[in-house]
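In the text below, chain A, chain B and the rest are named by the order of the sequence lines, each starting its count at 1.
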Number of protein chains: 2
Amino acid sequence: MGYMNTAPIPPSADEPRWLTAEEQRVWRSYIEAATLLEDHLDRQLQRDAGMPHVYYGLLVKLAESPRRRLRMTELARYAKITRSRLSHAIARLEKNGWVRREDCPSDKRGQFAILTDEGYEVLRRTAPGHVDAVRQAVFDRLTPEQQKSLGEIMRIVAEGLQPSEAGADLPWLR
Amino acid sequence: MGYMNTAPIPPSADEPRWLTAEEQRVWRSYIEAATLLEDHLDRQLQRDAGMPHVYYGLLVKLAESPRRRLRMTELARYAKITRSRLSHAIARLEKNGWVRREDCPSDKRGQFAILTDEGYEVLRRTAPGHVDAVRQAVFDRLTPEQQKSLGEIMRIVAEGLQPSEAGADLPWLR
DNA sequence: TACGAGTCCTTGAATGTTAAACAAGAAAGG
DNA sequence: CCTTTCTTGTTTAACATTCAAGGACTCGTA
């Protein structure tokens, strides 16, 4: 059950294409690593920066943006999260004084999320520790070839899941 | 800020080893793919099976176990989640009638989580759709070499993060 | 036997996430 | 214009996760 394919039966129309034993091992390794890694980084950042990994990522995106600001929707798209989730997250970061909002002059619906100096300072203080954690957990353990391979693989998977995939709204044309 | 390494300065003791531009790209791809993938599978399973991905994984582990049962701690370890999280999760699955608990006779502290027939039935009904989703998102997009590589890489990362790592409680001996 | 330390699992509160519905403004097309 | 439709961002409530604490039990050892 689950992902098994024990029966030596050729795939038929209604019999689903179960994962092979080897595919299962790959998938399980992926799930385990992804779970452990996110957990590890969440804990590390919660301890050292007082926020979960996703929130940290939001601050990073803002810090990298011109004038340290982004429109809410844009930030949500970059971070691969929903606007709803972003609304909650920014509300929390605002309470911490790490982000502030500003109305968009050209679009009265719009809001900018802006990294404050305090927010920047938190990032400056905690970034080294976080990079270390990422190195220790991932890069230091992989050969250069594996790093390259990981990049390619994840790029492919990410592209396949982008909601903004070209022609995503016209699937019958693909 | 964040992960950048723009300065052509050799790494010193106090200057943290920032990620190179290439490492950054790899890391971002990983984060994006992992976020999108977990999100995608959560949505797929929430829609088709009425539960998030992690919960589905719990049912799968139980289904694969002898007598469809596991001790709570063991299940938590396999699923890479905390016992607290598992307690809440099993409570919810119990409400759905998909899992039931049973006391362990040999250890009065212990509890078994047991997959019910209804739980098994949910799995039987929804597993094909889920495997399809995993295939479409991951395996169908990767070459056999990439699949193999992904497995190796994730196995390495997972091993490095196992709380049960041999000697993990004696790090000064390593 | 009795003590102390460790294990097993749960609980409740605080925090974070989701899904659905909504209000306000922009844009497109008559 | 004016209406319809889309976009932007928020809100609420239900749900999920984490953290810290605690109750119940087991095990090693004196």
Using whole Å, report how far CG of A:D103 lies from P of D:dT8. 16 Å

Between protein and nucleotides 9-18 of chain D, map the contacts as a letter string: B base, S sugar-phosphate only, - none, heavy atoms under 4.0 Å, written 5' to 3'. BBBB---SBB

Out of curiosity, A:R100 CZ to A:E94 CD, how far, rounded to the nearest 0.5 Å? 10.0 Å

Residue among B:L58, B:L75, B:L59, B:I114 satisfying side chain to side chain contact (heavy atoms under 4.5 Å, CB included) with B:V99: B:L59

To the nearest 0.5 Å, what is the distance between CG (B:L161) and CD (A:Q136)? 10.0 Å

In whole angstroms, the gap separating P of C:dC9 from CG of B:L70 amounts to 11 Å

Distance from A:T73 atom OG1 to A:Q111 atom CD, nearest 0.5 Å? 10.5 Å

Presence of salt bridge, A:E121 and A:R124, under 4.0 angstrom: yes

What is the distance from CD1 of B:I90 to P of C:dT11, rounded to the nearest Å? 13 Å

Note: for B:D107 and A:S106 on DNA chain C, the residue whose nearest nucleotide lies more 5' is B:D107

Check the orientation of B:W27 and A:F139. Use parallel for under 30°, tilted for 30 to 60°, and perpendicular for over 60°. perpendicular

